[in-house]
Amino acid sequence: MSHHWENCLLQSWGVKTQLTALAGEFDLNFKAEAADGSRFLLKVMRPGCDVGLVDMQCQALEHIHSSSQLVSIPSVVPSKAKRSFETLIDEVGNVRLVWVLSFLEGVDYAGFTPKSPHLISQLGTSIANLHLALEGFQHKSLQRDFKWNLTQAAWINDSLTFITDPLRRELLTSVMADYHEQLDIIRALPSFATHNDINDYNLLVSASLDDEPKISGIVDFGDMCSSPRVCDLAIAGAYIVLDHTQPEQALCSLIAAYHAVLPLDDDEIHLIYPLLRSRLAVSVVNSTIEALDKPDDPYVVISQGPAWRFLENSSIVHSLVTARLRVACGLPVTKSAARVGRYLSQEVRGNCAAIIGMALDKAPCRTLSVEGCSVPQNPFELTAWEALTLGDDTAAASGISLGYYNEPRLIYTNNAFRLNSWKASNRRTVHLGVDIFAPTATQICAPLDGVVTVIENRLESLDYGGMVIIKHKTPHGDSFYSLYGHLNPAVCQSLRQGQELKAGEVFAALGTPEQNGGWAPHLHLQLAMGIEGLGSDWPGVADPDERDFWNALCPNPAALLNLPDEKVGYVSLNESVVLQQRQNDFGANLKLSYTKPVMLLRGWRHYLFDQWGRPYLDAYNNVPHIGHANPRLQARISEQLKRLNTNTRYLHPAQSALARKLTSKMPEQLSVCFFVNSGSEANELALRLARAYTGGKDMVTLDHGYHGNTTGAIDISAYKFNAPGGVGKPDWVWLMDIPDVYGGRFRQPEADCAHLYSQQVDDAIKGINQVGGKLAGFIAETFPSVGGQVIPPKGYLQSVYRKIRAAGGLCIADEVQTSLGRLGEYYFAFQQQEVVPDIVVLGKPIGNGHPIGAVVTTREIADSFAAGPEFFSTFGGSTLSCVVAKEVLDIVDDEALQANALMIGKQALEGLNMLKEKHAIIGDVRGMGLFIGVDFVTHQSHRKPAPDVATYVVNRLRDYRIFAGLEGPNNNVLKIRPPLTIEADDIAMLLETLDLILSETAISDCRSD
Ligand SMILES: Cc1ncc(COP(=O)(O)O)c(C=O)c1O
């Protein structure tokens, strides 16, 4: 068949191509490729196809092209006879209309992931531009009776009987009832030429690893008709929401972007949701009818699945969707919201009855913000005591204080606040009311006249206890509502629904902690512009990512307290200002992680929180070895600071306590300690020790190693001195390859690799001798970390150490990254290599963030160093540092963190290896315990490093609020190196997220098999 059409294309269009058949239900579609690489789409219409329809499409495409450059659509390729389409005969003698279009690159939106807000916004913009470009387009075929024209959707009323499930039939009946309710408004809207089928197979997306995905084409204009533009938009929306994890937000992205180009009015926004549901209803009814002809085709039912799932999702409510869309478009949340807002500001503020019977303008505000307070200590579990004593430290003499509106707080720790099932999932944190802390039994008065609409007793712990909602009316007749939580339910019992309240009338009293959900006595006062769709279950706390919407629906209630909004409105930190200040105050090579930097204000174990309380899983930072904000360590530090912090020139038992704890973990001969401030300083000292002992200067070290930021440490850090702008290799430094058996010079047989890599010591020593130098020693990260999380082959260090020692040098193990139980099976990495170094360097995790480094060596080496001048480091070995490090080491033991590293590390490595089976871009998974590397390559078969993939993955992990790092000479190794407290649930989250990311289109597109 292809051959026939190839000939037709040659004869009628003069192009010689090869055809590949594409999917098409009734018509034939072919991808046509010419020898010069140009590509076309050949369309062979079904026999009997209406000429007008093809002509309409050709003319529409030409019209769009001539009026706008902003929309990516195919162009019609005219035939040799300069016609847009030809009438040709197929192989069996049928007359067919045949036309040729330019070929657009991209993948179907349906199969593309991720369907990000940015991509959906682009679609909204594209549709608006398409509508602008189609303005003025006329064609007689646009006026047609057509089952897909949304203004004519009523045809399905007579076909609902085909839906055999009574619940589903009822559901569609109600969808159509809503549709009929809107029909007059729909029909009153002006009609235009519309695409009318912007579904997820008629959209093309181009993916890229280093840029946002783009809508690269809107195709298939075969369903064009004349209809209100909002119908076209609702059709696109109907496909955008399907199986989207956040359908309402996705719809907002689409509509807001459209509105920014082509503003929608109140009616149009109101119509979007009912029209969208009507389109889905038409779709399921239509496919159910078509399925009657194909009873054995399971695809029909499967393809209906997402539409039914959306239609049956009762948590999505028309009024709230419309309110969200309005806010996303920058309009007041309801039609009356702007008027109510003005009324509250201009007429209510200053004229309300005092809610607790007294003016509050002098009352202090107490912050419970992420930034401003340390409650709860554990952001995953507010204790009963913390709830009871909330903000006690700010209580004024009067016992009255206020809590901020729009303040992000970590105190909402119930599962009900989580937005997903993982512990590190996003959660609702932003307070939507104002708190008035006051004694139990304080009487509560109505600030304005109103009618009681809800009286409830919420019994759950940390809920409201007694709660009342009052409806108010403005003089213009607009309604708004106020909510009062944490009341004494017994007093509320005397109220009844519908009861009228006068301003100043006492209607409730504050509950005791037993009555108010367990909180310190206070009133939660919240305002709402409307409660259609909200009912009585208003969220008192919002998702920080949805602040705009909730702030609009439940604005600051300060006016009801006769207070200016600023008094009780939380003022967030401005991250751009913090960034600007940093840029002004520091050098440009003080780098920030991520192009869009993160500002973190709280930590807990292996979790971090930004100022809005969004949690991040910390799978990267090794300094908080025993976890961020460890309470035992914090208590020990503050205890010690109350007593003394001085230096090593005085006797104190803390120094020896730490030294003994450390050396108890070491081989016997490593018995003498030096304490310094950092890993860099420790490596400096190690160099001095080696030189003092050997009398030599030359050092052998590994390529791409890192040992610190001081002059001496940089000199032995190829990662820095060889970096662009680096100082270059000093002549006393001799480099060897990283012993990387996956991507390095020697890969196999693995048994020989230790020998092959260690042989490079011989070359280094030969070089030293040739230039008349003298060897001081060998220094390496025992498992190279910045070198790509490499585990050297067994026997490697044994061989290296033997050769170095034979040449008179000392062997230094930089264990800054690999010590203190991180490896699970071993406390130090040198144990895995079955060697005993002469000097061990420790840093980072030993102080869990407190600056301390340590050097441990033999008595003999220490003595040779002691022959020189005094060794003194002002802060090294301070009382506090010693107490801190000893406590860290004790906590590792007491909390069995090494065993945790072993167990969780095994889970992570097993899971990553399973991902490697599935994703060919994972070349190697390596590591030990919680020291893990994932080596990304363009394909497993050729091990070519894929740094762009690794960068993409790290950034996408950050989008999912997971921190990991990038390492390796090629920057292609994902570094997973979390605090040792990490749990199975977190690794499961990491693995599932990685799997999702690795399945994204940008990655599958870049694979080279
Ligand atoms: C292996 C190794 N050694 C030494 C250092 C230097 O430690 P510090 O930054 O505490 O001076 C680092 C820091 O990243 C390191 O990773």
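Remember, it's 1-based here, ligands and their atoms both numbered in the order they're listed. Bear in mind that the values here come from a model prediction, so they are computed numbers and not experimental data.
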Note to self: Does only the side chain of V841 get under 4.0 Å from ligand 1, or the backbone, or both, or neither? Count heavy atoms.
What the structure shows: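 The answer is neither.
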Notebook entry, point to check: So which bit of E681 gets within less than 4.0 Å of ligand 1, heavy atoms only: side chain, backbone, both or neither?
Noted result: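 Answer for E681: neither.
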Tell me which protein heavy atom sits closest to [atom], plus the residue, atom name and distance to 0.1 Å.
| atom | result |
| --- | --- |
| atom 3 (N) of ligand 1 | D814 OD2, 2.7 Å |
| atom 10 (O) of ligand 1 | G679 N, 3.0 Å |
| atom 9 (O) of ligand 1 | S680 OG, 4.1 Å |
| atom 13 (C) of ligand 1 | K844 CE, 2.9 Å |

Test: [X] and [Y] ion pair at under 4.0 Å:
| X | Y | answer |
| --- | --- | --- |
| K794 | E750 | no |
| D959 | R956 | yes |
| E575 | R582 | no |
| E639 | R636 | no |

Checklist line | Name of the residue among L617, L600, L957 meeting side chain to side chain contact (heavy atoms under 4.5 Å, CB included) with F963 | finding: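 Going through L617, L600, L957 one by one, the side chain to side chain contact (heavy atoms under 4.5 Å, CB included) with F963 is satisfied by L600 alone.
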Check: Going by the order shown, which atoms of ligand 1 are within less than 4.0 Å of some heavy atom of E781?
Finding: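 By the 4.0 Å cutoff, the relevant atoms are 1 (C).
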Notebook entry, point to check: For ligand 1, which atoms, with element, lie under 4.0 Å from some heavy atom of N683?
Noted result: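 This gives 3 (N), 4 (C) as the contact atoms.
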Checklist line | Step-by-step side-chain hydrogen bond (donor to acceptor under 3.5 Å, both in side chains) determination, Y607 to D986 | finding: CA-CA 10 Å; Y607 305 103; D986 308 303; 2.6 Å; yes
Note to self: For ligand 1, which is the ligand I care about here, please tell me if Q817 has any N or O atom under 3.5 Å from one of the ligand's N or O atoms.
What the structure shows: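 Q817 vs ligand 1: N/O contact under 3.5 Å present.
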Next item on the list: Check whether more than 12 heavy atoms from other residues, nucleotides or ligands sit under 6.0 Å from atom CD of E668, and answer yes or no.
Entry: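 Atom CD in E668 is not crowded, with 12 or fewer foreign heavy atoms closer than 6.0 Å.
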